[in-house]
2 protein chains.
Amino acid sequence: MLSQDSIAAVNHFVRQVPCEAERPTLQGLFSRQPIEKFEAGTAVFWEGDEADHVFEVVEGVLRIYKILGDGRRVITGFMYPGDLIGVSLKDRYLYTAEAVTRIQVRRFARQRFQEEINRSPELRPQLFARLCDEMAAAQDQMVLLARKSAEERVCSFLLLISRRLDRDGQALRVVEVPMTRLDMADYLGLTIETVSRIMTRLTSRGVISPSGRHAIIVRKSDKLTTLAGEVEADHNPSAAYTHQAVWPN
Amino acid sequence: MLSQDSIAAVNHFVRQVPCEAERPTLQGLFSRQPIEKFEAGTAVFWEGDEADHVFEVVEGVLRIYKILGDGRRVITGFMYPGDLIGVSLKDRYLYTAEAVTRIQVRRFARQRFQEEINRSPELRPQLFARLCDEMAAAQDQMVLLARKSAEERVCSFLLLISRRLDRDGQALRVVEVPMTRLDMADYLGLTIETVSRIMTRLTSRGVISPSGRHAIIVRKSDKLTTLAGEVEADHNPSAAYTHQAVWPN
DNA sequence: GCCAATTTGTGACGGACTGTAACAAGGCGT
DNA sequence: ACGCCTTGTTACAGTCCGTCACAAATTGGC
């Protein structure tokens with residue numbers, strides 16, 4: 001499973017070079033494999049299955065989740081076109097991958113995938129970059145789950161998926177939300193009721209408005225950002241903080 | 001007291017492969033670098049700093065954390081001897097790394113680190129494996145934060161660090177807890193009071209007993225595992241589940 | 001197009017965890 | 001040994017979110 005966040009821009013960049021003459025890309029690797037389709041609600045693989053394939057999402061959205069002994073479900077991520085699923089060194093999948101919408105994927109034998117990666121000095125950094133992005137996304141999610149309020153979680157989520165499919169990394173005004181409230185709840189560590197209540201609260205405050213059941217329109221983008229509890233990071237390289245010297249020499 | 005001594009012994013084990021004749025290891029890469037020491041409470045680097053070094057923990061424990069705009073802190077992980085810190089492709093560190101105890105680290109220039117990794121077909125899979133392990137840990141942590149109760153979180157944490165320094169992956173009876181209650185709370189998404197209350201509850205139930213302020217003795221290991229809410233995974237390869245066929249061909 | 005099943009929305013209520021605050025226990029330096 | 005300061009514990013009131021119950025809106029199947 002890969003990426004989440006800031007990779008949208010990268011995906012676009014990577015995807016626009018699918019033809020064979022160019023320097024190799026991860027997408028290029030998969031492009032010769034046949035496309036497989038899964039209906040919404042069906043699993044591509046299950047947690048604990050022998051992990052002998054890596055998948056590339058071509059179309060649609062999947063959920064990646066784990067189940068606790070007593071049935072509690074935690075969705076650790078949603079996968080979009082361009083993402084890779086099942087990249088790991090374990091011999092068994094660590095999570096279940098299930099289609100949220102009807103999806104198309106390409107499959108690659110793990111062994112061959114590893115060989116190709118190992119052989120190509122061009123592919124390696126690409127894969128490495130993805131793992132790093134995925135790690136960064138996981139950390140953001142930990143922050144969300146550990147310390148954010150229900151409202152902040154929902155707002156963060158809406159921002160996340162609004163940036164997800166946008167090539168510029170800009171938040172789109174109309175946001176597709178293919179997943180159910182239960183999916184959102186299990187991703188955000190909340191209940192459906194809470195998610196539902198917050199969505200209506202955001203609507204009544206004019207921050208968003210519903211557009212059918214599986215899309216919303218963002219009416220107050222800045223407000224949404226504020227409510228998400230993120231510092232809209234100036235990130236100007238000139239040190240904003242006066243850090244203490246950390247060189248002990 | 002086993003306490004400090006047991007840690008030292010394990011550390012020694014981890015470090016004992018620095019000689020050059022062997023096939024290259026990540027440890028070996030760092031072994032030529034001078035050791036740097038940091039006092040407890042000091043930062044090795046800060047979130048947002050220019051990310052130009054990778055570090056190997058030689059001795060002690062560090063916390064990795066992010067801060068939300070209004071000061072809320074989330075510790076995303078604790079780093080132990082043998083762990084690498086700062087491995088990413090971003091040009092800035094995504095988190096702050098701070099010494100919990102007095103620590104020793106080795107430093108490696110990021111650029112050179114990348115080159116070495118890229119050059120060595122032996123090192124690459126090692127690094128890759130680490131990233132995958134880190135990712136798996138992050139997912140477990142998401143499960144913990146999203147769905148586990150306060151008691152389950154504390155028990156999971158105690159189990160985690162008890163396994164951490166043990167070469168067999170077996171949980172040690174005497175568990176060092178170098179971090180403060182606040183660290184635990186910020187790692188588990190709880191408050192210090194809750195952590196404190198749960199620890200005393202576990203003590204009064206005879207599951208653990210305190211051994212000084214920074215160590216506990218696990219008295220009922222199985223009970224602790226149960227309370228952690230984990231399925232003690234039989235993981236026998238014979239399919240326990242009847243999975244549906246996932247090959248659409 | 002119709003009806004059952006699923007998903008979503010809304011309210012009342014309770015409970016787990018929080019936050020404040022007061023106190024106890026170590027740690028550390030003089 | 002004595003104080004001071006940090007860290008940890010305990011109690012109690014408050015709150016956010018979960019639980020339960022039911023209604024409304026969609027979806028999907030035929």
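Lettering of chains follows the sequences in order, A, B, ..., and the numbering in each one begins at 1. Note: hydrogens, waters and symmetry copies are ignored here, and every other heavy atom, side chains too, is used.
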Participant: So, taking the atom named CG in Asp140(B) and the one named OG in Ser156(B), what distance separates them when rounded to the nearest 0.5 Å?
Facilitator: 9.0 Å
Participant: Whole angstroms only, please: what is the CD1-C1' distance between Ile208(B) and dG8(D)?
Facilitator: 14 Å
Participant: Starting at the 5' end of DNA chain C, which residue's closest nucleotide do you reach first, Arg147(A) or Leu182(A)?
Facilitator: Leu182(A)
Participant: So Gly189(B), base contact, sugar-phosphate only, or nothing? Heavy-atom distance under 4.0 Å.
Facilitator: sugar-phosphate
Participant: Just the endpoints, please: which first and last nucleotides of DNA chain C, 5' to 3', lie under 4.0 Å from a heavy atom of chain A?
Facilitator: dT7(C) to dA12(C)
Participant: By side chain to side chain donor-acceptor pair (under 3.5 Å), which residues pair with Gln33(A), not counting sequence neighbours?
Facilitator: none
Participant: Which residues pass the ring-ring contact (aromatic ring centres under 6.0 Å, His included) test with Tyr65(A), sequence neighbours left out?
Facilitator: none
Participant: In terms of side-chain geometry, is the basic nitrogen of Arg181(B) or Asp183(B) positioned less than 4.0 Å from the acidic oxygen of its partner?
Facilitator: no
Participant: Over all strands shown, is Thr194(B) touching base, sugar-phosphate only, or nothing at heavy-atom distances under 4.0 angstrom?
Facilitator: base
Participant: How many whole angstroms separate atom NZ of Lys148(A) from atom C1' of dC17(D)?
Facilitator: 18 Å
Participant: Round to the nearest Å and state the distance from Met184(B) atom CE to dT7(D) atom C1'.
Facilitator: 13 Å
Participant: One thing to verify: whether Arg106(B) and Glu36(B) come together as a salt bridge, which I'm taking to mean a side-chain N less than 4.0 angstrom from a carboxylate O.
Facilitator: no
Participant: Could you tell me whether Glu152(A) and Arg72(B) make a salt bridge, using a distance below 4.0 angstrom between a side-chain N and a carboxylate O?
Facilitator: yes
Participant: With sequence neighbours left out, write down each residue that passes salt bridge (charged side-chain N to carboxylate O under 4.0 Å, His left out) with Glu193(B), or none if nothing qualifies.
Facilitator: none
Participant: Give one of base, sugar-phosphate or nothing for Ile192(B), where a contact means two heavy atoms less than 4.0 Å apart.
Facilitator: nothing
Participant: Sequence neighbours excluded, which residues qualify as side chain to side chain contact (heavy atoms under 4.5 Å, CB included) partners of Arg102(A)?
Facilitator: Glu39(A)
Participant: Just to verify, what does Asp83(B) make a salt bridge (charged side-chain N to carboxylate O under 4.0 Å, His left out) with, not counting sequence neighbours?
Facilitator: Arg164(B)
Participant: Would you call Arg63(A) and Asp186(A) a salt bridge, using N to O less than 4.0 angstrom?
Facilitator: no
Participant: Under 4.0 Å between any heavy atoms, over every strand shown, what does Ser196(B) touch: base, sugar-phosphate, or nothing? Just pick one.
Facilitator: base
Participant: Nucleotide by nucleotide, 5' to 3', does protein get under 4.0 Å of the base (B), only the sugar-phosphate (S), or neither (-) in nucleotides 20-30 of chain D, counting heavy atoms?
Facilitator: B-----S----
Participant: Could you write out each protein N or O paired with an N or O of nucleotides 14-16 of chain D at a distance under 3.5 Å?
Facilitator:
none

Participant: Applying ring-ring contact (aromatic ring centres under 6.0 Å, His included), can you list everything that pairs with Tyr80(B), at least two apart in sequence or on another chain?
Facilitator: none
Participant: Residues in ring-ring contact (aromatic ring centres under 6.0 Å, His included) with Phe55(A), at least two apart?
Facilitator: Phe45(A)
Participant: Does Thr200(B) put a side-chain nitrogen or oxygen below 4.0 Å from OP1 or OP2 of dT10(D)?
Facilitator: yes
Participant: To the nearest 10 degrees, what angle separates the axes at the start and end of the helix from dG1(C)-dC30(D) to dT30(C)-dA1(D), five pairs each?
Facilitator: 60°
Participant: Could you state the atom-to-atom distance from CG of Leu190(B) to C1' of dG8(D) in whole Å?
Facilitator: 16 Å
Participant: Enumerate the ring-ring contact (aromatic ring centres under 6.0 Å, His included) contacts for residues 198-220 of chain A, please, sequence neighbours excluded, ordered by first and then second residue.
Facilitator: none
Participant: Side chains of Thr203(A) and Thr200(A): do they bring a donor and an acceptor to under 3.5 Å?
Facilitator: no
